[in-house]
Structures are given as structure tokens and as C-alpha cells.
Amino acid sequence: MSEAGTHVEKNNEPQLTTIRIKGHLADRWADWFAELTITRTETGDTLLTGSVPDQAALYGLLRKVRDLGMPLLTVHWVDPSQT
């Protein structure tokens, strides 16, 4: 069994996820990402951080980023044992 398959079987609860996009997200989009914390970095990027219930929800968030036309830089799952 693959490592990814093992991860899915062991973790059936929401995962803390950080999405980094290039550019600062305008305030008018805050409601669209209401379930996430929005952090604008000094380097000009935006971090979207929060608990994502499942992969379908993650794809929904990534679709929103795509629809804004902002370049996606990274998506990171945060290991709960490291928080």
C-alpha cells in the first residue's frame, strides 16, 4: 500500500492546510474564503490557512484561487503532530 493510502486511512478528520498564492488578495474576497485565515506577507504573497475537512473541500478552495486568476505557489498539509 502506498504512503498516501496509509495517510488517508489514518486521518479521517479535517487537516490544517496552507495555500500560498502570488499577490495580495483584496479585502473584497475575504467572505469567499471565510473559513480560512488570510495573511498577506511582506514578500507580496497571500497565505490562506485553515482546517480543510476533506479533499473535495480542498479542490473547491483551489478552484476559487483559479477563478481569481492568481498564481498558485504552494499547497501544504500541516502535520497535526507538529502544531
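Side-chain atoms of His24 come within 3.5 Å of backbone atoms of Thr41 as a donor-acceptor pair (strictly under, hydrogens ignored). Here the side chain of Thr17 pairs no donor or acceptor atom with the backbone of Trp77 at under 3.5 angstrom.
Hydrophobic clustering (side-chain heavy atoms under 4.5 Å, transitive across Ile, Leu, Val, Met, Phe, Trp, Tyr) groups Leu62 together with Trp32. The hydrophobic clustering, which links ILVMFWY residues whose side-chain heavy atoms are closer than 4.5 Å, places Leu36 and Leu47 apart. Following chains of ILVMFWY side-chain contacts shorter than 4.5 Å, one cannot reach Val65 starting from Leu16, and the two form parts of different hydrophobic clusters.
The OG1 atom of Thr74 sits 10.5 Å away from atom CD1 of Ile21, with the distance rounded to the nearest 0.5 Å. Rounding to the nearest 0.5 angstrom, the gap separating the CZ atom in Arg66 from the CG atom in Leu61 is 12.5 Å. Atom CD1 of residue Ile19 and atom CE of residue Met70 lie 12.0 Å apart, to the nearest 0.5 angstrom. For the atom pair CG of Asp54 and CD of Gln15, the computed distance is 10.5 Å after rounding to the nearest 0.5 Å.
Of the charged side-chain nitrogens involved, at least one lies within less than 4.0 Å of a carboxylate oxygen, so that Asp45 and Arg20 count as a salt-bridged pair.
For the pair Thr18/Val78, a side-chain contact is recorded, criterion being any heavy-atom separation below 4.5 Å from C-beta on. Taking the side chain as every heavy atom from C-beta outward, Leu48 and Leu25 approach each other to under 4.5 Å. Looking only at side-chain heavy atoms (C-beta outward), Phe33 and Thr46 stay at 4.5 Å or farther from each other.
Of all non-hydrogen atoms in Ala57 and Val52, the two that sit nearest each other are CB-CG1, 3.9 Å.
Heavy atoms from other residues, nucleotides or ligands lying under 6.0 Å from CG of Asp67 number more than 12.
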